[in-house]
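When a residue number appears, it is its place in the shown sequence, counting from 1. All values derive from a computational prediction rather than experimental measurement.
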Amino acid sequence: MSAAVEAGREGKGLGRGRVGLLGSVVIGVSCIAPAYTLSGALGPTASAVGDHLPAILLVGFVPMLLVAVGYRALNTAMPDSGTTFTWSARAFGPWVGWMGGWGLLAATVLVLSNLAGIAVDFFYLLLAQLTGDDAVADLAANTPVNVATCLVFTALACWVSYRGLEATKAVQYVLVALQVVVLIWFCVAAFAHVADGSAPAALAVDPAWFDPTGVGSFSAFAAGVSLSVFVYWGWDVVLTMNEETRGARTTPGRAALATIAVIVLLYLAIALAVLTYAGTGEQGLGLGSPDVQDNVFAALAGPVMGPAAVLVSVAVLASSAASLQSTFISPARTLLAMGHYGALAPRFARITPRFQSPGHATVAAGVVAGAFYAVVRVLSEDVLWDTITALGMMVCFYYGVTALACVWYFRRTWRGSARRFLTTCLAPGAGGVLLLAFFVQTSVDSMDPSFGSGSELFGVGLVFLLGTGILVLGAVVMVVQRVLRPAFFRGDTLPRGCDGEPPAQTTAAAAPAAAGTAAAAGGAREEFAE
């Protein structure tokens, strides 16, 4: 590891040892937000791939697992809160690193907007269910009320995140436990209806559902995988907390793999429950019905759980609120790293003395997310729908870049170790290529105006314009930063390198917050403790 990178890790000022393995997994699950993500993505995914939904969820899981192996290797070598930004810059240089960081920031802003919107919808739906007044649920459709409520939720989530990981962890234990219990209850109730023949479809589990080759076309397959990538997205939050985790080199990697394993089991159970209960038909409660696709849980909760259906609304609200709060972790710490290494203004590197958290970066992420939601909500609800697909594109982009950064960074260490070759080349390389292929395919397909919500501008699909427009905007901002902060783009503050070569010397401009505190590469082994 370079002395500059080690100095950067030591000198950012984040609170150390704030979270262990269990806390990391809980925060990882909360960021993925299973109840929220499935409510918005299960329907569109089923509409793309039909009853091959379990297969697509498994296929989406494979590149996530492969990429997570690469993340674990990079974290062991360079436990830095900048993750994608720092690792890509070390492997490929400042330009790729900057765009990788931008991809992560863009993805989190998009998902924060969707999380806030879903939270508002279920907040008023829950109030309507509790009061018995259906008119209350209609308040979510009132744009001024919707935007105002969204901004309040965003501000509250930002406030908790501003107070650091200890406050975040305390909130997440309660909210994650609530949503997981309700989702398991939903699965059990659905399977019970199937068993007694009272389910609308009452289908038996078919092994063909697990066969991804049964999907009609590669475009449908790629669209389904992009959406399934969206439902897994968020596990990498456990890596951005690495500087604040007990056992910074080992615990985050373990937490990432454990988080993905928990989520895939939960997703498969829910997918089988809704498929066997409702089927994929276009009428009634079938997953192909337009009324069901918009929000699977809102449509199926009543028939499946009866009077307890209100708990599903509580779970989705808790899920979106929990993820809204925990999702702030990644952009705040990425902005912190970018400010620390001189890729953005130094104010992003400010740490709150009381909470030892990236206060300025957290507030900045909240302001941008709130403003983005307010603008797109006023413009069109279709834009919010299309941001889910655009989010999948952003995730495929920055996960893919990070995975390939792992391959290139460890290229001198493969010889003589089959395990090393598997974990730093074959697994992350395959995952990165798959995700970048899905990114390219979805980008091409999304140019069709019928893709996503069907919205278009000048004959080009809105999903394509959102995805590529965000990347182009990032390139423009990067060029501006190149003029304002040349030291980073010369490689002075975050030098390019690879594992197995002598550490680079820390220049006068490198790691400004940690001058003189660089530790030797490989440092003392950190003891894991929960």
K.L.:
Let me confirm one number: the CG-CG distance from Asp121 to Leu125, rounded to the nearest 0.5 Å.
P.N.:
8.5 Å
K.L.:
Are Glu243 and Arg16 close enough for a salt bridge, meaning some N to O gap below 4.0 Å?
P.N.:
no
K.L.:
Decide side-chain contact (heavy atoms from CB on, under 4.5 Å) for Thr424 and Val407; before the verdict, give the C-alpha distance in whole Å, the side-chain angles of both, and the deciding distance to 0.1 Å.
P.N.:
CA-CA 6 Å; Thr424 63; Val407 175; over 6 Å; no
K.L.:
Any chance you could measure Phe297, atom CZ, to Met305, atom CE, to the nearest 0.5 Å?
P.N.:
10.0 Å
K.L.:
Under a 3.5 Å distance rule, please check whether Thr108 uses its side chain to pair with a backbone N or O of Leu105 as donor and acceptor.
P.N.:
yes
K.L.:
List the atom of Ala337, the atom of Gly82, and the distance in Å for their closest heavy-atom pair.
P.N.:
CB-CA, 3.4 Å
K.L.:
Without swapping roles, check the side chain of Trp98 against the backbone of Ala89 for a donor-acceptor pair under 3.5 Å.
P.N.:
no
K.L.:
Would you say the side chains of Thr240 and Thr83 form a donor-acceptor pair under 3.5 Å?
P.N.:
no
K.L.:
Output yes when a side-chain donor or acceptor of Thr334 lies under 3.5 Å from a complementary backbone atom of Pro331, and no otherwise.
P.N.:
no
K.L.:
Any chance the side chains of Gln172 and Gln325 put a donor and an acceptor closer than 3.5 Å?
P.N.:
yes
K.L.:
Is the backbone of Tyr341 close enough, under 3.5 Å, to the side chain of Thr493 for a donor and an acceptor to pair up by distance?
P.N.:
yes
K.L.:
Can you tell me how far apart SG (Cys396) and CZ (Phe438) are? Round to the nearest 0.5 Å.
P.N.:
7.5 Å
K.L.:
Considering all heavy atoms of both residues, which atom of Ser319 and which atom of Gln179 are nearest to each other, and what is their separation?
P.N.:
OG-OE1, 2.8 Å
K.L.:
For side-chain contact (heavy atoms from CB on, under 4.5 Å), just list the numbers for Leu14 and Ile351, CA-CA rounded to whole Å, side-chain angles, deciding distance to a tenth of an Å, and then say yes or no.
P.N.:
CA-CA 7 Å; Leu14 292 167; Ile351 295 292; 3.8 Å; yes
K.L.:
How close do Ser24 and Val238 get, counting heavy atoms only, and between which atoms?
P.N.:
O-CG1, 3.2 Å
K.L.:
Between Asn142 (side chain only) and Val145 (backbone N and O only), is there a donor and an acceptor less than 3.5 Å apart?
P.N.:
yes
K.L.:
Do Tyr267 and Phe61 have ring centroids that are under 6.0 Å from one another?
P.N.:
no
K.L.:
Taking all non-hydrogen atoms of both residues into account, name the closest pair between Cys158 and Gly366 and its distance.
P.N.:
SG-CA, 4.5 Å
K.L.:
Does any N or O in the side chain of Thr362 come within less than 3.5 Å of the main-chain N or O of Ser161, such that one atom is a donor and the other an acceptor?
P.N.:
no
K.L.:
Quick check for you: to the nearest 0.5 Å, what is the distance between Leu104 atom CG and Thr402 atom OG1?
P.N.:
7.5 Å
K.L.:
Does Thr37 use its side chain to pair, donor to acceptor, with the backbone of Ala33 at less than 3.5 Å?
P.N.:
yes
K.L.:
Which of these passes side-chain contact (heavy atoms from CB on, under 4.5 Å) with Phe328: Thr154, Val160, Val237, Thr168?
P.N.:
Thr154
K.L.:
Indicate whether any N or O donor in one side chain lies under 3.5 Å from an N or O acceptor in the other, for Asp236 and Tyr399.
P.N.:
yes
K.L.:
On the 0 to 90° scale, with breaks at 30° and 60°, tag the His360-Phe348 ring pair as parallel, tilted or perpendicular.
P.N.:
perpendicular
K.L.:
When rounded to the nearest 0.5 angstrom, what is the spacing between CG in Asn75 and CZ in Arg254?
P.N.:
11.5 Å
K.L.:
Among Tyr71, Phe92, Tyr409, which one satisfies ring pair (Phe, Tyr, Trp, His ring centres under 6.0 Å) with Trp87?
P.N.:
Tyr71
K.L.:
Ignoring hydrogens and geometry, is there a side-chain-to-backbone donor-acceptor pair from Lys169 to Arg18 under 3.5 Å?
P.N.:
yes
K.L.:
Nearest heavy-atom pair of Gly339 and Ala349: which atoms, and what distance?
P.N.:
C-CB, 3.8 Å
K.L.:
Evaluate salt bridge (Lys or Arg N to Asp or Glu O under 4.0 Å) for Lys12 paired with Asp80, printing each intermediate quantity in order.
P.N.:
CA-CA 10 Å; Lys12 296 192 187 74; Asp80 190 284; 2.9 Å; yes
K.L.:
Quick check against the 3.5 Å criterion: does Thr149 have a side-chain atom that pairs as donor or acceptor with the backbone of Val120?
P.N.:
no
K.L.:
Using every non-hydrogen atom in the two residues, find where Gly97 and Ser88 come nearest and quote the distance to one decimal.
P.N.:
CA-CB, 3.7 Å
K.L.:
Verify side-chain contact (heavy atoms from CB on, under 4.5 Å) between Val314 and Val182, making sure each step is shown before the conclusion.
P.N.:
CA-CA 9 Å; Val314 173; Val182 172; over 6 Å; no
K.L.:
Below 30° counts as parallel, above 60° as perpendicular, anything between as tilted: where do the rings of Phe397 and Phe439 land?
P.N.:
tilted
K.L.:
Walk me through whether Met338 and Phe488 qualify under side-chain contact (heavy atoms from CB on, under 4.5 Å).
P.N.:
CA-CA 9 Å; Met338 294 180 80; Phe488 169 76; over 6 Å; no
K.L.:
Answer yes or no: is there a donor N or O on one side and an acceptor on the other, between the side chain of Ser446 and the main chain of Ser443, under 3.5 Å?
P.N.:
yes
